[in-house]
Every structure is written in structure tokens, then in C-alpha cells.
2 protein chains.
Amino acid sequence: MPDDNFDLNLFLPYLLNQAAEASSLAFQQIYKDRYGMLRTEWRVLFHLGVYGQMTASEIGLRANMHKTKISRAVQKLTERRFVTRARDEGDRRLEHLTLTDFGHRAYDDLHRVAQRYDAMLTEGLTEVERDMLRGVLQKLAATRPRDFT
Amino acid sequence: MPDDNFDLNLFLPYLLNQAAEASSLAFQQIYKDRYGMLRTEWRVLFHLGVYGQMTASEIGLRANMHKTKISRAVQKLTERRFVTRARDEGDRRLEHLTLTDFGHRAYDDLHRVAQRYDAMLTEGLTEVERDMLRGVLQKLAATRPRDFT
DNA sequence: GCTTGTTAGTTACAAAATCAACTATTACAA
DNA sequence: TTGTAATAGTTGATTTTGTAACTAACAAGC
């Protein structure tokens with residue numbers, strides 16, 4: 001009855017999810033414990049930290065996050081004084097988001113953690129493996145659904 | 001204000017999640033459209049298809065899924081006649097899960113789709129990249145949270 | 001100017017995931 | 001035995017996500 005003809009653990013969507021979850025766990029614990037953030041909130045914080053001022057939809061575009069997720073994350077981050085919002089005077093639909101000083105300190109902290117964490121994750125890999133891994137993952141992340149039948 | 005010192009898109013937990021999501025999308029669409037399954041249900045179905053009869057906690061152990069997720073997935077799969085449950089006579093806490101004929105046909109179908117899909121995902125990669133990718137991802141999937149500060 | 005369509009962002013409701021508490025059964029040691 | 005702990009699995013309450021409908025502001029053609 002078992003199917004020796006297919007190795008589930010090597011099926012890429014499954015394997016990628018396992019790797020992603022396992023390798024996110026300990027970092028997730030840190031931004032949750034230190035700042036009470038969810039994944040969505042961490043992502044918004046980092047986008048603002050890395051790219052500077054952005055609007056919600058710019059973040060959504062870059063992070064592949066739906067606008068409702070971002071809306072809620074921004075609301076939380078604003079309530080907790082990590083982020084401030086400012087209406088665009090030219091186009092009053094737009095809101096420019098920026099980190100507060102407080103938010104910037106949180107970003108600096110987590111950003112340092114992230115760098116050490118990334119180093120830890122890859123310390124078992126060769127130089128070649130590290131480079132190839134990121135290159136291949138970027139290709140896969142750019143995969144847009146298309147027909148394959 | 002922007003931080004040129006950190007490339008978010010190369011941060012492994014983030015990059016892995018992006019790759020995992022992008023590369024799961026089209027496959028997810030198929031098991032959802034054809035069989036109305038969720039990710040959890042698809043995973044249980046595949047575990048039973050690949051490994052044969054299993055208990056819920058064996059699946060949880062292999063798939064790194066919480067028992068409540070599995071409990072609910074099994075309930076759905078049983079309602080929809082993909083799976084049958086049988087009490088263990090020796091230890092009446094245990095339930096052995098197996099695919100019905102109907103469930104097996106669904107597995108066979110999706111399993112074929114999965115193989116073609118995997119081939120499509122990796123068609124842009126070299127032989128070396130493919131092998132290294134799966135090897136490295138398996139290492140990362142085995143990452144257990146530990147101290148890195 | 002007006003209508004029609006588009007974009008930015010929010011809100012409401014439904015679906016799903018998470019967490020804790022629960023039942024039932026077995027293990028095991030006093 | 002019998003009392004305590006452990007394991008398998010389920011259920012309920014809460015949180016988070018997903019989907020669709022919504023408001024507000026702008027754009028472009030007539």
C-alpha cells in the first residue's frame with residue numbers, strides 16, 4: 001500500500017514550507033517576546049526600516065502581502081507607537097508610513113538579531129551552498145503560477 | 001534613513017517563506033479546486049498515500065503538524081469518504097487511518113500532479129542546483145531552535 | 001462640469017489556525 | 001490495587017487570516 005515511488009519530503013512546495021517554518025521559529029519567538037509582534041507586523045516594520053518611508057501599497061507590492069493584512073499590521077504598529085502615518089498632500093488617498101524613534105530602535109535591535117540568526121542558520125553550509133541557495137530561492141520566489149499540466 | 005546595510009530579500013526566513021508561498025500557489029489551487037481540500041487535509045492525504053496506514057500522532061510527528069490540526073483534517077477527510085478510521089484493539093486510544101479507494105484515487109491523481117509540478121518548478125535549475133537545493137533545504141528543515149545570541 | 005473607472009485603504013463577516021482545557025485510555029510505581 | 005502521570009485524540013474559546021464589500025479620492029473622456 002505505501003508508495004515508494006514518491007518522496008514527500010523532497011516535494012518542493014512541502015520541503016520549502018518545512019524549511020521555512022523550522023527556520024522561522026526561533027526568530028519569530030524573539031520579535032514576539034520582545035515586542036509582541038506578529039509576522040505581518042514584523043514584516044512591515046522591516047520594510048520601513050530597510051527602505052525608509054513607504055505607503056501601505058508599496059509595502060504590499062514588495063512583500064506580496066494583501067492590503068488588509070497590511071492595514072491591520074499598520075494599525076497595530078501605530079497604536080503601539082512604532083510607526084506614524086502622514087497623509088500625502090498631493091494625493092490624499094496615500095498615507096506615508098515612517099518609523100518613530102521608538103520603532104527605529106526596535107528595528108535596529110531586531111535587525112541585528114536577524115543578521116546573527118541568518119549567520120547561525122547558514123553556518124553548516126559551504127560558501128557555494130549559501131550563494132546558490134539564495135540564488136535559487138529568489139528564482140523560486142519569483143515563480144508566478146502558470147500552466148504545467 | 002533607509003538601511004543599505006541589510007538586504008531583507010536575502011534574509012533566509014523571509015526568503016524561504018516567499019519561495020514557499022510562491023511555489024505552493026498553483027498546486028494549492030489544484031487540490032482546492034478538484035477536491036475542496038485545505039493544506040492540512042492535503043498533507044494528511046499524502047502521508048497516508050505515501051506511507052500507508054498511520055495514526056494521527058504518527059502523522060503529526062512526521063509532518064510537524066499540531067494534533068488539533070490533524071484531528072480536524074481527519075474529520076473532514078472522513079466525512080468526505082477519503083479516509084477511514086479503525087480503533088486499535090490492543091491500545092484503544094489509537095486510531096489507524098487508511099485511505100478508502102476513493103481517497104486512493106484522489107491521492108494517485110494529486111501525486112501525479114505533484115510530480116509534474118515539481119518538475120516544472122525546477123526546470124529552470126541545473127542538475128547541481130536541484131540536488132544541492134533539496135539537500136540544503138533538508139538541513140534547514142531539520143533546524144531545531146537553539147541559542148544564537 | 002459630469003459620468004465612469006481606478007486606486008488607496010478600511011471594515012465586516014466567514015474561514016481557519018492557535019491555545020488551553022477536556023475525555024478516555026494506558027503505564028507504572030507505591 | 002490504586003493513585004499519579006503520560007499519551008491519543010477531541011472540543012471550545014480566542015486570535016488571526018481571507019474574501020468581499022465598502023468609502024474616499026483621483027483620473028480621464030465626453
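Naming: A, B, ... by sequence-line order, numbering from 1 per chain. Keep in mind the model is a prediction, meaning the values are calculated, not measured.
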Atom-to-atom span, [atom1] of [X] to [atom2] of [N] - whole angstrom:
X: A:Gln28; N: D:dT15; atom1: CD; atom2: P; result: 17 Å
X: B:Leu25; N: D:dG18; atom1: CG; atom2: P; result: 11 Å
X: B:Ile59; N: D:dT10; atom1: CD1; atom2: C1'; result: 16 Å
X: A:Lys76; N: C:dG9; atom1: NZ; atom2: C1'; result: 18 Å
X: A:Leu38; N: C:dC19; atom1: CG; atom2: C1'; result: 15 Å
X: A:Glu95; N: C:dT10; atom1: CD; atom2: P; result: 6 Å
X: B:Met37; N: C:dA16; atom1: CE; atom2: P; result: 14 Å
X: B:Gln75; N: C:dA16; atom1: CD; atom2: P; result: 13 Å

*Heavy atoms, side chains only, cut-off 4.5 Å: are B:Met37 and B:Leu45 in contact?*
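Counting from C-beta outward, B:Met37 and B:Leu45 do come under 4.5 Å.
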
_At 4.0 Å (heavy atoms only), tell me whether A:Arg87 reaches a base, stays on the sugar-phosphate, or touches nothing._
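Touches nothing.
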
*asked:* Categorize A:Arg85 for me: base, sugar-phosphate, or nothing, with a 4.0 angstrom heavy-atom threshold over every strand shown.
replied: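 It contacts sugar-phosphate atoms only.
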
*Between residues 60-72 of chain A and DNA chain D, which residues have a heavy-atom gap below 4.0 Å?*
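Those residues whose heavy atoms fall under 4.0 Å from DNA chain D, taken from residues 60-72 of chain A in numerical order, are A:His66, A:Thr68, A:Lys69, A:Arg72.
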
Parallel, tilted or perpendicular: rings of [Y] and [X] (30°, 60°):
X: A:Phe27; Y: B:Phe11; value: perpendicular
X: A:Trp42; Y: A:Phe46; value: tilted
X: B:Tyr51; Y: B:His47; value: tilted

What pairs of nitrogen or oxygen atoms, one from the protein and one from nucleotides 3-7 of chain C, lie under 3.5 Å apart?
| unit_1 | atom_1 | unit_2 | atom_2 | d |
| --- | --- | --- | --- | --- |
| C:dT7 | O2 | A:Arg93 | NH1 | 3.0 |

*With nearest nucleotides of DNA chain C determined for A:Asp91 and B:Asp88 from heavy-atom distances, which residue corresponds to the more 5′ nucleotide?*
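The 5'-side residue here is A:Asp91.
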
*First of A:Lys32 and A:Thr55 reached from the 5' end of DNA chain C, by closest nucleotide*: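 Looking at the nearest nucleotide for each, A:Thr55 comes out on the 5' side.
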
_Check: B:Thr100 side chain, B:Gly103 main-chain N or O, donor-acceptor pair, under 3.5 Å_ =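 Side chain of B:Thr100 to backbone of B:Gly103, a donor-acceptor pair under 3.5 Å: yes, one is there.
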
*Is a side-chain donor or acceptor of A:Arg130 paired with a backbone partner of A:Leu125 at a separation under 3.5 angstrom?*
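Confirmed, A:Arg130 side chain pairs with A:Leu125 backbone.
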
_B:Leu94 reachable from B:Met65 in the ILVMFWY side-chain graph, under 4.5 Å edges_ =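 The answer is no; the residues belong to distinct hydrophobic clusters.
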
_DNA chain D: 5'-proximal contact among A:Thr40 and A:Gly90 (nearest heavy atom)_ =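 That would be A:Thr40.
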
*asked:* Rounded at 0.5 Å granularity, tell me how far OH in A:Tyr117 sits from CG in A:Leu110.
replied: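 Answer rounded to 0.5 Å: 13.0 Å.
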
_Taking A:Arg134 first and then A:Asp118, would you say they form a salt bridge - that is, a charged N and a carboxylate O separated by under 4.0 Å?_
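Between A:Asp118 and A:Arg134 there is a salt bridge, with a charged N closer than 4.0 Å to a carboxylate O.
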
